[in-house]
Amino acid sequence: MPSATPQLLTGLNPEQLAAVTLPPQHALILAGAGSGKTRVLTTRIAWLISTSQAGPHGILAVTFTNKAAKEMLTRLSAMLPINTRGMWIGTFHGLCNRLLRAHYVEAGLPQLFQILDQADQLSAIKRLLKSLNVDDEKFQPRELQHFINAQKEQGARASAVEAWDDFSRKRLELYDAYEQQCQREGVVDFAELLLRSFELLSRNEILCRHYQQRFRHILVDEFQDTNRLQYRWLKLLAGGGACIFGVGDDDQSIYAFRGAEVGNMRDLEREFKIANVIRLEQNYRSHGNILDAANAIIKNNQSRLGKNLWTDAGSGEPIRVSEALSDIDEARWIVEEIKALSRDGHARSECALLYRSNAQSRVLEHALFNAGLPYRVYGGLRFFERQEIKHALAYLRLIANPDDDTAFARVVNFPTRGIGARSLEQLADLAKAQQCSLHAAIGQLTGKAQASLASFAQLIVKMREGSSDLPLPEVVDHVLDLSGLREHYRNEKEGQDRLANLDELISAAANFIMEENRHENSAANAAEQTDLAAFLAHAALEAGEHQAGDSDDAVQLMTVHSAKGLEFNVVFISGLEEGLFPHEQSQLEEKGLEEERRLMYVAVTRARQRLYLSFAQTRMLHGQTRYNLASRFLEEIPPSLLKWLTPKARNDFVAQPKARYASAPASPAMPHQPHSLQRENENGLRVGQNVRHTKFGVGVIVNAEGSGMDARVQVNFGHAGMKWLALSVAKLTPA
DNA sequence: CCCACCTCATATCCT
DNA sequence: ATGAGGTGGG
C-alpha cells in the first residue's frame, strides 16, 4: 500500500480501511445505515488521488441526490489540497445532461434542448393524446406516462418492444408518437436523459472509448437504487478497464417504484467477478435500542443479502410511542415535545418530523406555525414546481427554444390575451399537418386567430431581443414584466405570495450564476452553453432543494424518502397506521410490503439518540375522516425497547376500547371535538369501535348502514383489509 | 369566439 | 386543495 497521507486513513475501522485502500479492482461494499458510507466513498477518492493512482480527471462519482453530490464535493475539498473541478461528480441525470450538452450534435439534439419534469411530461402526453384524438379513458395519461418511463428505464425504445394484442400495439404506437413529438419540440424527459446518453455512447465508438479511457475509477453511491439502464450505462463506461466501486445497502432500497432493481447488486458481484464483498456493519450513528428496533423490523423481510448492524455506543433511551385521538392531536403532541426538547437545549434543526406522504405535512405545519416554531419543509411543492414559477420558466424556455410546444401551450394565453381553445385547436391542426411546432405554424395561419397569435409570436421575439446581452437575472426580470405575469398577479387578490416567489426567481437566477462561477465544476465542460439554458436545466433537475431560511434553527419536515442519507439527533415518525405506513397502495404491488418495511427501516435508522413513533385513531385525508389501526411495524419491534407515553394498547394494539367520540366518515362532525357522540346500534356497536372477528382478527368499524336483519358494518381489519359484514351473519364482538 | 365562474373528480414515494 | 370540464354572459 502506498504510504502517502496516512492521516487520511486514521480513525477508520478495519473494514472501512480495507474498502478505502482496495487495490485497483471492482468492488462492492455492503454498507449498513450509519456505517460511514459517505466517508468511505470520499476517502476512497482522496486516497486514489493522493497516492497518485488516479488524477482528478479520471474520477467519475455518481450519487442519487444533488444533496449527496454536494456533500461529497464539500468533504473532498476539505480533504484534498487540489481543485475538484476535474472530477465528474453528480447525479445520473446531472451527468447525463452534461454529456448530452457537450455532444448534442452526436446525440441528435438541439443545442438548447429543454428538460421536461414529471408534470411537463404529463401535459405533453395529454397534448399528444388530444392531437391524435385518442380516448383518454382507454389510454389514461398517467398510466401511459408510467408505461413510457418503465420502457425507457429498461432501455427499450418502442421499436424494440413486442406487442401481442391491440391494446399493447396501440400503446406502443403512442410511445413512438410521444418520442417523435419530443424530438420535434427539442425536449427530453428524465428517463430520456439516461437513455439518450446511453445510446450516444454505445453507438459512437470513438466517443465511448474516449470516456472509457478517461474515467479510470467509477464510484457509485446507493447502488441498490440503480435501475436496469443505469446499470448498463455503468457497465458500458467501465468497458475500457475502469474499476467500479459500488456502495449500497439492499435494506435501504426504496425506489422500486421508479425502476430501481436491488438485483443489480447481485449482478455487479457476479458479472464483475467480485470475490469478497466488504460489509460495513458497525454503526456510528444510533444508540443500541434504535438499532435493535431497526434490525428487528428488517428481519421480517425474506429477500435480503443479510447483514446485522451493531454499535458499541450503549443502548441509550427507549423508543417512545404515542397514540393520539386524531391527526391534529398527534401534531399538537409533537409540538409540545419539541418545545420541551428545545427547553432542554436540543437544537430545533436536530429534530426531524418524518411522514410517509407529503399530504401529511399540512397538519404538522399548521401546529408548528401556531406554536411559533420555525420549521422547514423539504420536498412537497418545490419552488420550481409552483405554477407562477413554471409560467415564468415557460417564457424563458420559449426564448431559448420557440419550438418548445409544452412551454408554448402553457403560456400562450396566460395571462389571458384573447387566444382561446378554438384558435389553439386550429393552430394545432395546422402544426400537425405541416409537421412543425405550434410557434412555426403561426405564420401560415389565416383568419381571425391570426392576429392575436402573431402578436404573441411578436412578444416572444421582443423578449429575446430585449434580453440578449443582459445578465441572466435581468433577463428574468425583463420577462416577468413583458409577459404581463407581474401585472397579472398584482391584480389577483391572493397573488402576494406569488409575486414574492417571482422576485425570488430573480434571486435564484443571481445565485445560480454566482455558484456557477465559484466552482466551474458542473457545466464548464459544455462551453457553448448559455447561462439561460444552464439555469433552465438546473430548474428541472433540482426542483429547488434550498428554500429560504436556511440559516434559521428550524424543525425539519420531510417524507421518509427524502430523509434517506440524512441523520438527526431526534426523529419523530408520525402516522404509523395501517393504510398509511405501510401505504395501502403498496398492498397492490407484489413486493410492496417489503419495500414499505425497508422504508420503515430507513426511517428508524435516521435517529441518533431519540426516536418517537406515533399514530392517530382518526385522520382527515382527502377531506374524509379515516379510522386506521396502528401500523404492523409497531408490532415488529420488541416490546422491551418501547416506552408507551399514552396508555399502552397491547396485544393487537386495541385492547382499550376507543374513546367514544369517533364519528362516521360521512358525518361532518370533527373527531377531535369530544362531543359528537355516535349513536350505538342495537348490538352495542358504533362507528369507530374496535371489534374482533373470528377469522379476520381485530379491526375498527368505519361505517354502518341498515338496521335489524339488514344491518351491515364496514370494518377495516388492517392486515385482512376492508370488509362489509352483515351483523346477522358475522360474529363480531367488541375488542 | 372568449372568459369568468361554477361543479366535479381526484389524490404515494422522486430525478 | 387543485385541475379539468361545463355553462352562461359578453
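In what follows, every chain begins at residue 1, and chains take the letters A, B, ... in the order their sequences are listed.
Residues that satisfy the side-chain contact (heavy atoms from CB on, under 4.5 Å) test with A:Asn358, not counting sequence neighbours, are A:Tyr355, A:Thr559.
Atom CD of A:Gln450 is separated from atom P of B:dC1 by 16 Å (rounded to the nearest Å). Distance CZ (A:Phe414) to P (B:dA4): 10 Å, rounded to an integer number of Å. Straight-line distance from the NE2 atom of A:His366 to the C1' atom of C:dA1: 15 Å, rounded to whole Å. Straight-line distance from the NE2 atom of A:His146 to the P atom of B:dT15: 16 Å, rounded to whole Å. Taking atom CG of residue A:Leu193 and atom P of nucleotide B:dT15, one finds them 14 Å apart after rounding to whole Å. Across the protein-nucleic acid pair, A:Leu194 atom CG and B:dT15 atom P stand 13 Å apart, rounded to whole Å. Between the CG atom of A:Asn413 and the C1' atom of B:dC1 there is a distance of 12 Å, given to the nearest Å. For the pair A:Gln360 CD and C:dA1 C1', the computed distance is 16 Å after rounding to whole Å.
Below 30°, between 30° and 60°, or above 60°: for A:Phe257 and A:Tyr255 the angle between ring planes is between 30° and 60°, a tilted geometry.
Backbone-only contact: A:Lys126 has heavy atoms under 4.0 Å from sugar-phosphate atoms and none from a base.
Between A:Ser423 and B:dC2 there is a side-chain polar atom (N or O) within less than 4.0 angstrom of OP1 or OP2.
Annotation: of the two residues near DNA chain B, A:Arg417 and A:Thr91, the 5′-most nearest-nucleotide partner is A:Arg417.
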Any protein N or O atoms within reach of nucleotides 7-14 of chain B? Criterion: under 3.5 Å, listing atom names and distances.
unit_1, atom_1, unit_2, atom_2, d
B:dA11, N6, A:His622, O, 3.3
B:dA11, N3, A:His622, ND1, 3.3
B:dT12, O4', A:His583, NE2, 3.3
B:dT12, O2, A:Arg356, NH1, 2.9
B:dT12, O2, A:Arg356, NH2, 2.2
B:dT12, O4, A:Glu589, OE2, 2.5
B:dC13, OP1, A:Asn358, N, 2.6
B:dC13, OP1, A:Asn358, ND2, 3.2
B:dC13, O4', A:Arg356, NH1, 3.2
B:dC14, OP1, A:Thr559, OG1, 3.1
B:dC14, OP2, A:Asn358, ND2, 3.3
B:dC14, N4, A:Gln118, NE2, 3.4

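Classification of A:Arg597 and A:Glu636 as a salt-bridged pair holds, one side-chain N sitting under 4.0 Å from a carboxylate O. A salt bridge is defined here as a Lys NZ or Arg NE, NH1 or NH2 lying under 4.0 Å from an Asp or Glu carboxylate O, and A:Arg362 with A:Glu365 fails to meet this definition. A:Arg632 and A:Glu596 are not joined by a salt bridge, as no carboxylate oxygen comes within less than 4.0 angstrom of a charged side-chain nitrogen.
Checked by atom type and distance alone, the side chain of A:Gln145 never pairs as donor or acceptor with a backbone atom of A:Gln121 at under 3.5 Å.
The listed nucleotides are B:dT15, B:dC1, C:dA1; the one nearest the side chain of A:Phe190 is B:dT15.
Two rings, from A:Phe581 and A:Phe615, have their centers 6.0 Å or more apart.
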